[in-house]
*Asks:* 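One structure coming up, written as C-alpha cells, with questions to follow.
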Amino acid sequence: MTTPPPPADRLETPTHPLPRRSPRLTPADEPLPHLTPQPDGLAAERHALILRLGLPTEAHPDYDAFARDMAAETGFLYGFVNPFFADRQRFIGLHQPPAGSGYPIIGRTMSLSDGWCPEVVVRRRALPLHDVYASPRFAGNAVVDAIGIQSYFGAPLIHDSGIVLGTVCVTDLHKRPLSDARSLLDIVSEYAQRVMRHITDGSGR
C-alpha cells in the first residue's frame with residue numbers, strides 16, 4: 001500500500017539522517033550586505049498583473065523544469081518558482097526529493113507571511129542566507145521550525161512595470177559556506193531573469 005502525499009502546507013519530517021553535500025562553487029569576492037525591507041503596498045496591483053499575464057495557479061511543467069534545473073545547478077534539495085497571489089504563495093514550479101526519500105515533502109502553497117520570500121518581495125532585492133541561524137532576524141521562521149531549513153537564496157521576479165510578481169528560490173537542510181554565497185546568489189538571480197522572460201513572452205501559460 002502506498003502512502004498518499006501530504007496536503008498542501010503540511011510538511012513531513014525526515015525519517016533518517018540527511019546526507020551532506022558540497023556544491024562546487026566559486027568563492028565570493030565580498031560579504032553580502034544586510035538589507036532593510038520596506039512595506040509592500042503593491043499587493044492588489046501585483047495580483048491583477050499576474051492574472052493579466054495568465055500565470056497558472058497550479059503546478060506547471062515549464063516552471064517545474066526551471067525549479068529542477070536551478071536546484072541542480074546550486075546543489076540544493078529544493079527549488080521554487082513562487083508568484084504571490086492575493087491569498088497565497090503558490091509554487092507553480094517546484095523541485096524536491098521524491099516521496100519516500102526520507103526528506104520533508106512540501107505542498108504547493110504557503111501563507112503569504114511564511115518563509116523568506118516575502119522579504120525578497122518587499123525589498124525588491126535578492127536575499128542570500130548561507131546560514132539562516134547566523135542572523136536572529138531570519139532564524140525565527142515557520143519554515144525553520146517545521147522542517148529545519150538552514151540555507152536560502154531567493155531573487156525577485158520583477159516585471160517591466162516595476163511590480164514584483166514573486167520569487168525564485170532554493171532552500172536546503174544544510175548551511176553553505178559564506179565563500180559560496182556570491183556564486184549561489186548569481187545562479188538564482190540568473191534564473192529569475194530566465195523565468196521573467198518566459199512569463200513575459202507568454203510561453204508559460
Side-chain angles (χ1 to χ4, degrees), residues 11 14 18-35 59-83 89-98 101-108 110 114-121 123-135 138-139 141 143-144 146-158 164-199 204:
L11 303 174
L18 303 174
R20 295 185 178 275
R21 292 166 308 287
S22 298
R24 295 171 292 177
L25 296 167
T26 305
D29 293 328
E30 59 186 9
L32 295 164
H34 179 75
L35 303 173
H60 191 286
D62 290 358
Y63 297 111
D64 279 349
F66 280 120
R68 180 194 65 232
D69 294 346
M70 182 171 54
E73 194 166 341
T74 56
F76 275 55
L77 279 174
Y78 303 90
F80 304 85
V81 178
N82 179 23
Q89 300 178 58
R90 296 184 179 273
F91 308 143
I92 62 174
L94 174 62
H95 173 79
Q96 60 182 327
S101 65
Y103 291 100
I105 302 302
I106 299 174
R108 286 274 181 172
M110 185 180 289
D114 285 343
W116 299 275
C117 289
E119 189 87 9
V120 174
V121 168
R123 72 170 72 198
R124 303 169 54 83
R125 293 183 65 179
L127 178 61
L129 297 175
H130 73 286
D131 177 3
V132 300
Y133 291 104
S135 169
F138 296 117
N141 192 295
V143 180
V144 175
I147 59 174
I149 293 298
Q150 293 197 36
S151 53
Y152 168 93
F153 287 79
L157 297 170
I158 303 178
V164 180
L165 302 179
T167 72
V168 299
C169 68
V170 292
T171 64
D172 202 273
L173 303 179
H174 297 293
K175 64 183 180 181
R176 292 299 193 267
L178 178 59
S179 59
D180 287 346
R182 177 61 65 184
S183 56
L184 286 167
L185 187 63
D186 288 346
I187 293 169
V188 174
S189 296
E190 171 60 27
Y191 272 91
Q193 295 179 35
R194 294 182 193 178
V195 170
M196 275 310 310
R197 286 195 294 268
H198 193 69
I199 290 172

*Asks:* So do Tyr103 and Pro98 actually touch side chain to side chain, heavy atoms under 4.5 Å?
*Replies:* no
*Asks:* Considering all heavy atoms of both residues, which atom of Gly115 and which atom of Met110 are nearest to each other, and what is their separation?
*Replies:* N-SD, 4.1 Å
*Asks:* Can you list the residues that meet the side chain to side chain contact (heavy atoms under 4.5 Å, CB included) rule with Pro118, with sequence neighbours excluded?
*Replies:*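 For Pro118, the residues satisfying side chain to side chain contact (heavy atoms under 4.5 Å, CB included) (neighbours in sequence not counted) are Phe84, Gln89.
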*Asks:* What's the shortest heavy-atom distance between Val170 and Met70, and which atoms?
*Replies:* CG1-CG, 3.7 Å
*Asks:* To the closest 0.5 Å, what do you measure between CG (Leu77) and NE2 (His174)?
*Replies:* 7.5 Å
*Asks:* Could you tell me whether the side chain of Ile92 reaches within less than 4.5 Å of the side chain of Pro83, counting heavy atoms only?
*Replies:*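 Pro83 vs Ile92: side chains touch.
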*Asks:* With a 4.5 Å limit on heavy-atom distance, are the side chains of Asp180 and His130 in contact?
*Replies:* no
*Asks:* Can you confirm whether Met196 sits close enough to Leu165 that some side-chain heavy atom of one is under 4.5 Å from a side-chain heavy atom of the other?
*Replies:*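 SC-SC contact between Met196 and Leu165 confirmed.
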*Asks:* How long is the span from the CG atom in Leu94 to the OH atom in Tyr78, to the nearest 0.5 Å?
*Replies:*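 It is 9.5 Å, given to the nearest 0.5 Å.
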*Asks:* What's the spacing between Ile187 CD1 and Asp69 CG if we round to 0.5 Å?
*Replies:* 12.0 Å
*Asks:* Please list, chain by chain and in numerical order, all residues satisfying ring-ring contact (aromatic ring centres under 6.0 Å, His included) with Phe66, sequence neighbours excluded.
*Replies:* His198
*Asks:* Going by the rule salt bridge (charged side-chain N to carboxylate O under 4.0 Å, His left out), which residues pair with Arg194 if we only count those two or more places apart in sequence or in a different chain?
*Replies:* Glu190
*Asks:* Return the OG to CH2 distance between Ser151 and Trp116, rounded to the nearest 0.5 Å.
*Replies:*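 So the OG of Ser151 and the CH2 of Trp116 are separated by 8.5 Å.
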*Asks:* Got a second to check how far Ile106's CD1 is from Gln96's CD, nearest 0.5 Å?
*Replies:* 5.5 Å
*Asks:* Any idea which heavy atoms bring Ala126 and Ser189 closest together, and the distance?
*Replies:* CB-OG, 4.2 Å
*Asks:* Compare every heavy atom of Cys169 with every heavy atom of Cys117, then report the nearest pair and how far apart it is.
*Replies:* SG-SG, 3.7 Å
*Asks:* Which atom pair, heavy atoms only, marks the closest approach of Gly75 to Asp172?
*Replies:*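 Smallest interatomic distance, heavy atoms only, reads O-OD2, 4.0 Å.
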*Asks:* Run the side chain to side chain contact (heavy atoms under 4.5 Å, CB included) test against Asp186 and tell me which residues pass, sequence neighbours left out.
*Replies:*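 Counting only residues at least two positions away or on another chain, Asp186 forms a side chain to side chain contact (heavy atoms under 4.5 Å, CB included) with Arg182.
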*Asks:* Nearest heavy-atom pair of Thr171 and Ile149: which atoms, and what distance?
*Replies:* OG1-CD1, 3.7 Å
*Asks:* Please enumerate all residues that pass ring-ring contact (aromatic ring centres under 6.0 Å, His included) together with Phe91, with sequence neighbours excluded.
*Replies:*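 Scan of Phe91 (ring-ring contact (aromatic ring centres under 6.0 Å, His included), adjacent residues dropped) gives Phe80.
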*Asks:* Any non-hydrogen side-chain atom of Tyr152 less than 4.5 Å from a side-chain atom of Phe138?
*Replies:* no
*Asks:* Say you draw a straight line from CG of Leu185 to OG1 of Thr74; how long is it, rounded to the nearest 0.5 Å?
*Replies:* 11.5 Å
*Asks:* So do Leu127 and Thr167 actually touch side chain to side chain, heavy atoms under 4.5 Å?
*Replies:* no
*Asks:* With sequence neighbours excluded, tell me which residues meet side chain to side chain contact (heavy atoms under 4.5 Å, CB included) with Ala59.
*Replies:*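 Asp64, Arg108.
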